[in-house]
Number of protein chains: 2
Amino acid sequence: MSGRGKAADEPSTHSLETAARKRSRSLAALGYTKPQTYEELRAVLSSGTVHFPKRLRQVAIYLWQNPSDVALGTIAQVAAQAGVQPSTLVRFAQIFGFAGFSDFQNLFKDRMKGSWPETKGGQEKTAEPNADLHFLNGMIGASQAALSRIGNSFDIAAFETMIAHLAAAELIYVIGSKRAFPVTAYLSLTLSQQGVRNVLVDNVGSSALDQVGCITPADAVLAVSFSPYNSITPDLVAVAHERKARIVTITDSTFSPLVRLSDTWLEVVEQDFGGFRPLAASLAVGMALVHGLVSRRTG
Amino acid sequence: MSGRGKAADEPSTHSLETAARKRSRSLAALGYTKPQTYEELRAVLSSGTVHFPKRLRQVAIYLWQNPSDVALGTIAQVAAQAGVQPSTLVRFAQIFGFAGFSDFQNLFKDRMKGSWPETKGGQEKTAEPNADLHFLNGMIGASQAALSRIGNSFDIAAFETMIAHLAAAELIYVIGSKRAFPVTAYLSLTLSQQGVRNVLVDNVGSSALDQVGCITPADAVLAVSFSPYNSITPDLVAVAHERKARIVTITDSTFSPLVRLSDTWLEVVEQDFGGFRPLAASLAVGMALVHGLVSRRTG
DNA sequence: CTTGTTTTCGAATGATATTTCTATTTTTTG
DNA sequence: CAAAAAATAGAAATATCATTCGAAAACAAG
């Protein structure tokens, strides 16, 4: 919004060397010209001909993924979200031939002006010619339906209790197999990244039973299981239950054998689509659990 | 963007009369409260219960008709386009109970992001009756946004080519680590359940490099990778590339080092929310890939 | 391991945007 | 028609922003 707004180059007598060096680093030397539209910028970025160092690459990725935030925010806000210094953004803009960030930002603003999110119907899908695309759309629909369903009916009390149990635990065992494994794998990864010690019971080397044999009453088990409940998960959770650990469960019906073993459980229904099941809802709930647990422990 | 940001009223001894006069002009006296969302503002404006003098009415009309310009512009630009003084805009905002124009403008910005209430400062975190639930809703929103984004812009040609490559392969190697691992784990499971022989390169026992060392030109690699691209995945894919296998990739930007190694690649952008990323979109695309592959082979 | 280069950081600086305040104009009312 | 009240425009003040620049750090080459 601020800034000089005056053209960049001003080759006075003795600053020729500096100007030359700068220009050699700009894209002009590579035959590029300043992008006039957002699409042009995207094209240049995706061409892959420009190789950025770490921070600038970080900027490029952020711009690529969050154009609307770039358009709406100030340089400080954008820089904070992208995890770089404000000056880095200015450098980035100048490499592309812009006077500064404000100039650069106008690209994003212009792009956005046309697209005010007026509540459009959007469901005008008429007879998909492509079968694969049809399936993809169905999958997307199923995912969104499952997600909406969480928002509508959600057992907040159970959710909070689960977080409390997990937050109080000394060590968290994450258990889930087959279809639930992607969920537990992501949960375990996220927990570790957040500094929460946990054990992913993945049954590599068939060591799962021995692992859960180490559970103590101070531990908690986060189990995820979907129907059909014919995996090893119920057995493992049963052992944990015998060893008096707190058990919290994410499952998809009250008929799950895990329900009667659990201290608290949460129902998350994934809608089946053509024999495939999206895990979107379970993952969202799982992430929320981790977030709640972390804020409970740190805050 | 700028401004004091301090509360408006300061009832000193002798300015009581002025303060009282000002308050009588605000909508608070009429039983209105400060609109929290753009929709609320629109409702108030359209209710017709407030009668504005000429210039303020002019402002209201402009806001109604050009919301995106209000969100993107500075106060000076908006004022010029609406044909009023900047101070008039400030007055208008204050009548509605905002500290100033910037505060007021955030309504429009938030609306444009289609976003959940901004997570800034952390002051409002405590105000939220249930912060955990708030996060869950945000996560759901991010998931759904990512899913919608697929539907809007999707490279069908690349998608079809990927399916063709995979369908033609003798054996499919599925590679992905860290955040991408849940996706590859699910892909591998689903492929196996559908009778498609595949190898999940999970690096258990650090055997990943040896595994990809067995790849032949008749095989295909299905790689999944998200930023930051600092995992082992690029190295593994590079080996596969040397061994002349077909390589198809799901990634989240063109900056992925996998892009130049791949025969075909697909961009799937997962929207970040509070440092967490839902995998809903990637999973949906992955499932669609598997489905397309299976129907190609059997049908 | 050293040297030269590139890249990044962070504070200082210059510029702009936002707000407040006051004089002037317009409207309302007795 | 006159006087008071309200509304507006414009200028001045102030907070915030964007940019620049020098030093430190990371990196690459010899």
Side-chain angles (χ1 to χ4, degrees), chain A residues 1-10 15 17-26 29 50-60 70 72-80 82-96 98-106 108-109, chain B residues 1-10 12 15 17-26 29 50-60 70 72-96 98-106 109 120:
Chain A
M1 235 91 7
S2 303
R4 296 280 191 98
K6 91 172 179 185
D9 38 12
E10 189 182 327
S15 69
E17 187 185 359
T18 311
R21 217 183 60 204
K22 272 184 184 167
R23 200 174 307 119
S24 78
R25 297 247 324 280
S26 83
V50 251
H51 279 198
F52 292 116
K54 196 169 59 179
R55 282 278 123 82
L56 292 180
R57 162 168 294 234
Q58 209 171 318
V59 169
V70 178
L72 263 4
T74 68
I75 190 173
Q77 292 168 337
V78 174
V84 300
Q85 295 291 324
S87 51
T88 306
L89 289 176
V90 176
R91 263 191 304 132
F92 187 92
Q94 287 173 337
I95 286 175
F96 280 86
F98 294 90
F101 177 75
S102 300
D103 192 12
F104 180 67
Q105 192 185 33
N106 283 334
F108 290 78
K109 288 191 176 180
Chain B
M1 237 68 29
S2 303
R4 295 279 191 104
K6 90 171 179 185
D9 38 11
E10 189 183 327
S12 71
S15 68
E17 187 185 358
T18 313
R21 217 182 60 204
K22 272 186 185 168
R23 201 174 305 120
S24 78
R25 297 244 327 279
S26 84
V50 255
H51 280 190
F52 291 116
K54 196 169 58 181
R55 282 282 128 84
L56 292 181
R57 164 168 298 242
Q58 205 172 320
V59 169
V70 178
L72 264 1
T74 69
I75 190 172
Q77 293 168 336
V78 174
Q81 292 204 3
V84 300
Q85 293 292 322
S87 53
T88 307
L89 289 177
V90 176
R91 265 189 305 128
F92 187 90
Q94 286 173 338
I95 287 175
F96 281 88
F98 295 91
F101 178 74
S102 299
D103 193 12
F104 179 67
Q105 193 185 33
N106 282 333
K109 289 191 174 180
K120 62 175 158 187

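Heavy atoms only: backbone and side chains are in, while hydrogens, waters and symmetry mates are out. A note on names: the letters A, B, ... follow the listed sequences, proteins ahead of strands, and every chain is numbered from 1.
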Round to a whole Å and report the spacing from [atom1] of [X] to [atom2] of [N].
X: A:Phe52; N: C:dT8; atom1: CZ; atom2: P; answer: 11 Å
X: A:Leu56; N: D:dA26; atom1: CG; atom2: C1'; answer: 14 Å
X: A:Asn106; N: D:dA18; atom1: CG; atom2: P; answer: 12 Å
X: B:Arg57; N: D:dT8; atom1: CZ; atom2: C1'; answer: 17 Å
X: A:Gln105; N: C:dA17; atom1: CD; atom2: P; answer: 12 Å
X: A:Leu89; N: D:dA18; atom1: CG; atom2: C1'; answer: 11 Å
X: A:Ile75; N: D:dT19; atom1: CD1; atom2: C1'; answer: 8 Å
X: B:Leu72; N: C:dA17; atom1: CG; atom2: P; answer: 15 Å

Side chain of A:Pro53 - closest among C:dT18, D:dT19, C:dT8: C:dT8
Among D:dC17, D:dT19, C:dT20, the nucleotide that comes nearest once only the side chain of B:Val90 is considered: C:dT20
A:Gln94 vs D:dT20: side-chain N/O to OP1/OP2 distance below 4.0 Å: yes
B:Gln58 vs D:dT8: side-chain N/O to OP1/OP2 distance below 4.0 Å: no
Five-pair end axes of the helix from C:dC1-D:dG30 to C:dG30-D:dC1 and the angle they enclose, rounded to 10°: 30°
A:Phe108: partners by ring-ring contact (aromatic ring centres under 6.0 Å, His included), with sequence neighbours left out: A:Tyr38, A:Phe104
For A:Thr88, side-chain contact (heavy atoms from CB on, under 4.5 Å) partners two or more places apart: A:Arg55, A:Leu56, A:Val59, A:Val84, A:Gln85, A:Arg91
Under the side-chain contact (heavy atoms from CB on, under 4.5 Å) test, residues paired with A:Ala60 that sit two or more places apart: A:Leu45, A:Phe52, A:Phe92, B:Phe255
A:Phe101 to A:Thr74 - nearest heavy-atom pair and separation: CE2-C, 4.4 Å
Which atom of A:Val70 lies closest to which atom of A:Val78, heavy atoms considered: CA-CG2, 3.9 Å
Sidechain-backbone polar pair: A:Gln105 side chain, A:Gly73 backbone, donor-acceptor under 3.5 Å: yes
Interatomic spacing from CD in B:Gln94 to OG in B:Ser87 - rounded to 0.5 Å: 10.0 Å
Heteroatom pairs (N/O) under 3.5 angstrom, protein to nucleotides 9-13 of chain C:
unit_1	atom_1	unit_2	atom_2	d
C:dC9	OP1	A:Arg55	NH1	2.1
C:dG10	OP2	A:Gln85	NE2	2.7
C:dG10	O6	A:Ser87	OG	3.3

